[in-house]
Protein chains: 2
Amino acid sequence: MDRTNTPCGLDVALTVIGGKWKPLILYHVQSGPTRFSEIRRRVGGISEKILIQQLRDLVKLKVLLRHDHHCVPPVVDYALTPFGETLVKALAPLCAWGTANRDVVGSMVASASSATERGI
Amino acid sequence: MDRTNTPCGLDVALTVIGGKWKPLILYHVQSGPTRFSEIRRRVGGISEKILIQQLRDLVKLKVLLRHDHHCVPPVVDYALTPFGETLVKALAPLCAWGTANRDVVGSMVASASSATERGI
DNA sequence: GCTAGAACCTACTAAAAGGTAAGTGTGAGA
DNA sequence: TCTCACACTTACCTTTTAGTAGGTTCTAGC
């Protein structure tokens, strides 16, 4: 899915934060370096496989920095890069919008799906 | 995919603008009421089925307003609602971020995929 | 010795999203 | 009459994304 060649920058942004869990990961990592297991606990409901996959994606995109402490048992933490911080800053208004409109959107999603379930 | 019950508002926002084409649709509609065929031409590369699906989603979420002129051959246009405009405003910084970082992200996506293609 | 926890990996499966190709009814222009 | 454009709909297929269930290597604690 190459969405990096359109007039609208949102496509670029969505290649970075698209997916079910990436925004949540970013949200829970912005407070500072966070360990893998800590992210998993905070996010909740995510499988390890998916979490690793998404973290790797974000590292490849240079949004997150992976810091392996090279000890046994393993200790690894993830933190925002400066680039990642610019992204999080750009994300803030959208996050606020979502928070302000959670109930509105939630009820509309619910009514839309119940309507289609009833075949309307 | 219910993402409307998390501490982070981004999930709410992504239920609205998630998907391959929605941001692009929003982008091309923000200038004023736009006809279906005009949106299709502007977006480019989208199939009619998907465009209709996405437009319907956005109408259900009360982000867009569908105006059917009830004439034959059919004339229908889509415009942002006031609610949709608050969303577009919240989206602006992210859009700017994407535009500013298109080349950076694009090259990183490219190098990441070529790396995996080579089995690295 | 046995278990738990750390941070992963691998195969397989399920669900969601997107895409293709066809068809609908109508009227204006060639 | 024939075709085109309009705004869709339907059935079917492919791709992408997410989830499940197992395994690995190592150490500390019981």
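The chains referred to below are lettered A, B, ... by the order of the sequence lines, with proteins before strands, and numbering in each begins at 1. Note that this is a predicted model, so its numbers are computed, not measured.
With sequence neighbours left out, the side chain to side chain donor-acceptor pair (under 3.5 Å) criterion links B/Asp77 to B/His69. Judged as a side chain to side chain donor-acceptor pair (under 3.5 Å), and not counting sequence neighbours, the contacts of B/Thr86 are A/Trp97. Scanning for side chain to side chain contact (heavy atoms under 4.5 Å, CB included) contacts around A/Leu65 gives A/Thr81, with sequence neighbours left out. With sequence neighbours left out, A/Asp68 forms a side chain to side chain contact (heavy atoms under 4.5 Å, CB included) with A/Arg66, A/His70, A/Val76. With sequence neighbours excluded, the residues that form a side chain to side chain contact (heavy atoms under 4.5 Å, CB included) with B/Tyr27 are A/Pro7, A/Cys8, B/Gln30.
Taking side-chain N and O atoms only, A/Arg66 has a distance below 4.0 Å to OP1 or OP2 of C/dC8. Between D/dA7 and B/Tyr78, no contact under 4.0 Å exists linking OP1 or OP2 to a side-chain N or O. The phosphate of C/dA7 has OP1 or OP2 within less than 4.0 Å of a side-chain N or O from A/Ser37.
Taking CD1 of A/Ile39 as the start and NE2 of A/His28 as the end, the distance is 9.5 Å to the nearest 0.5 Å.
Closest approach of B/Leu58 and B/Lys22 over heavy atoms only: CD2-CD, 3.7 Å. A/Leu10 approaches B/Pro23 most closely through the heavy-atom pair CB-CB, 3.6 Å.
The distance between atom CD of B/Glu48 and atom P of C/dA22, rounded to the nearest whole Å, is 14 Å. Straight-line distance from the CD atom of B/Glu38 to the P atom of D/dA5: 15 Å, rounded to whole Å. Between the C1' atom of D/dC6 and the CG atom of B/Asp77 lies a distance of 13 Å, rounded to the nearest Å. To the nearest angstrom, C1' of D/dA7 lies 12 Å from CD1 of B/Ile39. At whole-Å resolution of the value, CZ in A/Arg41 and C1' in C/dA6 are 10 Å apart. Separating the CZ atom of B/Arg40 from the C1' atom of C/dG19 is a distance of 15 Å, rounded to the nearest angstrom. The nearest whole Å value for the distance from the NZ atom in B/Lys49 to the P atom in C/dA17 is 12 Å. Rounding to whole angstrom units, CG of residue A/Leu24 and C1' of D/dA18 are separated by 15 Å.
Using a 4.0 Å cutoff on non-hydrogen atoms, the parts of residues 28-36 of chain A near DNA chain C are A/Arg35, A/Phe36, ordered by number. Interface residues of residues 51-58 of chain B facing DNA chain D, ordered by number: B/Ile52, B/Arg56; criterion, heavy-atom separation under 4.0 Å.
Of the listed nucleotides (D/dT20, D/dC6, C/dG19), C/dG19 has the atom at the smallest distance from the side chain of B/Ile50.
A heavy-atom distance below 4.5 Å is not found between the side chains of A/Leu51 and A/Trp21. Two residues are said to be in side-chain contact when any heavy atoms from C-beta on lie closer than 4.5 Å; B/Val12 and A/Thr99 fail this criterion.
Screening residues 25-40 of chain A for salt bridge (Lys or Arg N to Asp or Glu O under 4.0 Å), with sequence neighbours left out, gives A/Glu38-A/Arg41, A/Glu38-A/Arg42, A/Arg40-A/Glu48.
Using a 4.0 Å heavy-atom distance criterion, A/Ser47 is classed as a base contact.
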Mind listing the N/O atom pairs, protein and nucleotides 26-30 of chain C, below 3.5 Å?
none

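Here the rule is side chain to side chain contact (heavy atoms under 4.5 Å, CB included) with A/Val63, and of A/Leu26, A/Val29, A/Ile17, A/Asp57 only A/Leu26 fits it.
Across the interface with DNA chain D, nearest-nucleotide mapping of B/Val75 and A/Ile46 shows B/Val75 to be the residue nearer the 5′ end.
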